[in-house]
Number of protein chains: 4
Amino acid sequence: MSTTPRTARGTRTRARLVEAAEQVFASVGYHDASIVKITEQAGVGLGTFYLYFDGKQAIFDEVVEDLNRRVRQAMTEAAKAAANRIEAEREGFRAFFRFTAEHPALYRIIRQAEFVSPGALRMHYTRIVHGYVEGLKAARDAGEIRPMDVDTVAWALMGIGEMLGMRWVLWHADREGGGPAPEIPEAEFEEMMRFIERGMAPEAPADGGGA
Amino acid sequence: MSTTPRTARGTRTRARLVEAAEQVFASVGYHDASIVKITEQAGVGLGTFYLYFDGKQAIFDEVVEDLNRRVRQAMTEAAKAAANRIEAEREGFRAFFRFTAEHPALYRIIRQAEFVSPGALRMHYTRIVHGYVEGLKAARDAGEIRPMDVDTVAWALMGIGEMLGMRWVLWHADREGGGPAPEIPEAEFEEMMRFIERGMAPEAPADGGGA
Amino acid sequence: MSTTPRTARGTRTRARLVEAAEQVFASVGYHDASIVKITEQAGVGLGTFYLYFDGKQAIFDEVVEDLNRRVRQAMTEAAKAAANRIEAEREGFRAFFRFTAEHPALYRIIRQAEFVSPGALRMHYTRIVHGYVEGLKAARDAGEIRPMDVDTVAWALMGIGEMLGMRWVLWHADREGGGPAPEIPEAEFEEMMRFIERGMAPEAPADGGGA
Amino acid sequence: MSTTPRTARGTRTRARLVEAAEQVFASVGYHDASIVKITEQAGVGLGTFYLYFDGKQAIFDEVVEDLNRRVRQAMTEAAKAAANRIEAEREGFRAFFRFTAEHPALYRIIRQAEFVSPGALRMHYTRIVHGYVEGLKAARDAGEIRPMDVDTVAWALMGIGEMLGMRWVLWHADREGGGPAPEIPEAEFEEMMRFIERGMAPEAPADGGGA
DNA sequence: AATGAATGAGAGTTCATTCAT
DNA sequence: GATGAATGAACTCTCATTCAT
């Protein structure tokens, strides 16, 4: 997006701007995030911003894109180590919560995207759901979960993750000087997983089959 | 909040302003919603605004408060007619979806509240969750759902509702001239309910009740 | 053009802005004439400007319109008192030079209009020429000047007036603190009139009518 | 002006910049002509500009100088071939119109010079007038035109040429995609020449001196 | 000789808010 | 109670110019 630097120095500067923008958007929101604040945070001159971005919305889109890529990678990475599908789902969720706890920017930024950049909002959710859908389809075909419309369930899962994560992260962020939000407590996480796993569990065999 | 009118004429004017603000916030977002736009939409002079509200944020809080009250009322009303707790949950959800389909303002406005008015955001979610929690506790005590940490599950339910509703409402709003978003399709609604009901269902008796 | 004031106070303010703009445009040119300079000169706040004008170009157009109207009126007024057509032309020219000596803004502003507002440029010249054309047609029909394409000659006359006036006014303006430019010297004016009058004079009778 | 190149390569680069500047100034005007646009048009790097010019005004002066030299050369060249002074004047004018039709830049640029570079403006007009004055003096001494203040008449002639040329060139430029402006029509040119020639014609001998 | 990344003063413009009417 | 003229801080963005490479 926007202009690509032609030198190594330019590449470094551009990256500093994206990083700074993420921090500023996360701390004061899109509208109070002035270009001046972003460039100050990045330690570059005001005019430098316009060397690499067409405007505030352009860098916003890039920040969303960047965060989206990173959260999905964190989830994929975590799921890889899992023994089975259920375990994968578990680890994916855990990674999601961990990531958002470390990057409150994700919530704070995404929730503003609706008016700022509807395309970015949609892209973000759609891509994450896509990851769930793939996993759910495989699980369904393997009989690990019951037959279902995976699309609907995938959106539901994302809703659960977002709401619980938001509650945890944002509530904590509200506390002054709360430092980095702690991870979601284990008990709550387990309660959520029980809800999800039962919601997707295969039908119990009619009468246990047994004699 | 803000100043209370002393005459009937004043009361009318104030109400017109709140209604106008809901429309303007919903269509252009908080930051692009200027006081001028709101007063024009309300058909009153610019200065009149400050007779009744301390500023933009004050009327925003009031709009959130108003929408929150109305959506909860719609849900309560719908649940009343239900035969049992499960049915009540069902009807509550349905009412929620119906309300948001008719008032896309709810999503559009709430999602901006984070930076505009964190207190309003929290109030909105907390109150809705409160309704769920009450219902879930009663259902749990009645044995209609399994023993659980109703708080966590209540937030999860709200996450599901918000995400599926948002997807439906916002996606449709994106379509040009799509008119009012249709209600969520029955099949999808049922899939969601299956997921929720199984997630909360009581333990099957150990061996099917046998001998 | 732009927004019309609704109160007497507003009308006064708007007029002050137009007057200030004329002065600022004349002294520093369109591009160096910032809105701040104009509002300072007018003694009003910066934001006030945008209550009445859409932007810099809008007030520029209005200034051109205003000057154009005034210079034409000065010329018409002067010509009225003349005994015959030739005299009228003479007095018109004199009025033109007098006006531009008193309002150097006319040259300085018009000459910038080409890129700023081509429409305004054209309007200005076309209207002035229109005045000449009317006068020339009448003179031609009355046999006071020879048959000719009055349109071409009208443009030529305007060219003469503009160039001699510009030379006089601008050259003087260049001298620091030269004060208001003096009027064009009588000898030069007469030389110019001789040139013009001969250029338009009716054919001398074939052989002087002889006896 | 500015820095002189030391190598042949440098000379080429500098010339490319002047040519590019003429085009850019003519198409968007002095103020919208950024150095970036000029260097892009010239196909050189931004920094290269400052190797040869002190700034925007410096290259502007050079462009004016260049155009002035060329238009005068075209006029001189054309006049050379003429049989007599009147014919020379005719051909000079014709060359002037032809040149400006081919280089609308002349008008567009000169008319901006007033605030950009008053010296350049003056130089341009003064030099052209100088050519007329020389010709007129000779004609006057030869009795081809009447005794007159050649200076005033020379400025008048230039005014005529500029106004008629401007009207023709600029009006055409306004028409979208009008391509290069056509030359001024013959009939109009002749009308103008009739006006000029009569304006300068020697006194008709009182009655032929007779008897 | 040539380049383009970097800069910041200054431009045009918006808008929440005040206040005299 | 109602109005809208007035304000100026703060915003986004441009561009002539410098300088290290």
Side-chain angles (χ1 to χ4, degrees), chain A residues 3 5-14 31-39 43-57, chain B residues 3 5-14 31-39 43-58, chain C residues 3 5-14 31-39 43-57, chain D residues 3 5-14 31-39 44-57:
Chain A
T3 311
R6 288 178 216 194
T7 69
R9 186 188 178 194
T11 308
R12 257 193 339 268
T13 302
R14 193 180 194 283
H31 280 96
D32 288 345
S34 64
I35 307 297
V36 172
K37 278 178 189 151
I38 293 174
T39 51
V44 302
L46 166 58
T48 306
F49 177 88
Y50 292 93
L51 249 39
Y52 302 110
F53 301 96
D54 288 341
K56 200 156 74 151
Q57 144 122 353
Chain B
T3 313
R6 290 172 210 213
T7 71
R9 184 187 178 193
T11 308
R12 254 194 339 271
T13 302
R14 193 179 196 284
H31 280 96
D32 289 345
S34 63
I35 305 297
V36 171
K37 275 181 192 150
I38 293 173
T39 52
V44 303
L46 169 56
T48 306
F49 177 89
Y50 290 91
L51 252 39
Y52 302 109
F53 301 96
D54 289 342
K56 198 157 81 152
Q57 146 124 350
Chain C
T3 311
R6 289 179 217 194
T7 70
R9 185 187 179 196
T11 308
R12 253 187 349 263
T13 302
R14 193 179 195 282
H31 281 96
D32 288 346
S34 64
I35 308 297
V36 172
K37 279 178 189 152
I38 293 173
T39 52
V44 303
L46 168 56
T48 306
F49 177 88
Y50 291 94
L51 248 40
Y52 302 109
F53 301 96
D54 288 341
K56 199 156 74 151
Q57 144 122 354
Chain D
T3 311
R6 290 174 210 212
T7 71
R9 184 189 179 193
T11 308
R12 256 194 339 272
T13 302
R14 194 179 195 283
H31 280 96
D32 288 347
S34 62
I35 306 297
V36 171
K37 275 180 191 149
I38 293 172
T39 52
V44 303
L46 167 58
T48 306
F49 178 89
Y50 290 91
L51 251 38
Y52 301 109
F53 301 95
D54 288 341
K56 198 156 84 151
Q57 145 125 350

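Residue numbers start from 1 in every chain, and the chains themselves are labelled A, B, ... in the order their sequence lines are given, proteins ahead of strands.
- In terms of phosphate contacts, A:Arg9 brings a side-chain nitrogen or oxygen within less than 4.0 Å of OP1 or OP2 of E:dA6.
- Contact between the side-chain N/O atoms of C:Thr13 and the OP1/OP2 oxygens of F:dA6 is found at a separation under 4.0 Å.
- Within the nucleic acid shown, C:Val36 has no heavy atom closer than 4.0 Å to any nucleic acid atom.
- Shortest non-hydrogen contact noted between D:Phe53 and D:Arg14 is CE2-NH2, 3.5 Å.
- Dashed line: the shortest gap from a side-chain N or O of C:Tyr50 to OP1 or OP2 of E:dT13 is under 4.0 Å.
- Taking every heavy atom of both residues into account, B:His31 and A:Asp32 meet most closely at NE2-OD1, 4.5 Å.
- Base engagement by B:Thr48 is indicated by at least one non-hydrogen atom pair under 4.0 Å involving a base atom.
- Listed candidates were F:dA16, E:dA6, F:dT7. Nearest to the side chain of C:Leu51 is F:dT7.
- A sub-4.0 Å separation between OP1 or OP2 of E:dA2 and a side-chain N or O of D:Tyr52 is present.
- In this structure E:dA20 sits in a base pair with F:dT3, meeting the Watson-Crick or G-U test at under 3.5 Å.
- Nucleic acid contact class of A:Ile35 (heavy atoms, under 4.0 Å, all strands): sugar-phosphate only.
- Distance check: A:Arg6 CZ to A:Thr11 OG1 gives 12.0 Å after rounding to the nearest 0.5 Å.
- Backbone-only engagement by D:Ala33 is indicated by non-hydrogen atom pairs under 4.0 Å involving sugar-phosphate atoms exclusively.
- Applying the 4.0 Å criterion to OP1 and OP2 of E:dT3, one finds that A:Arg6 has every side-chain N and O outside that range.
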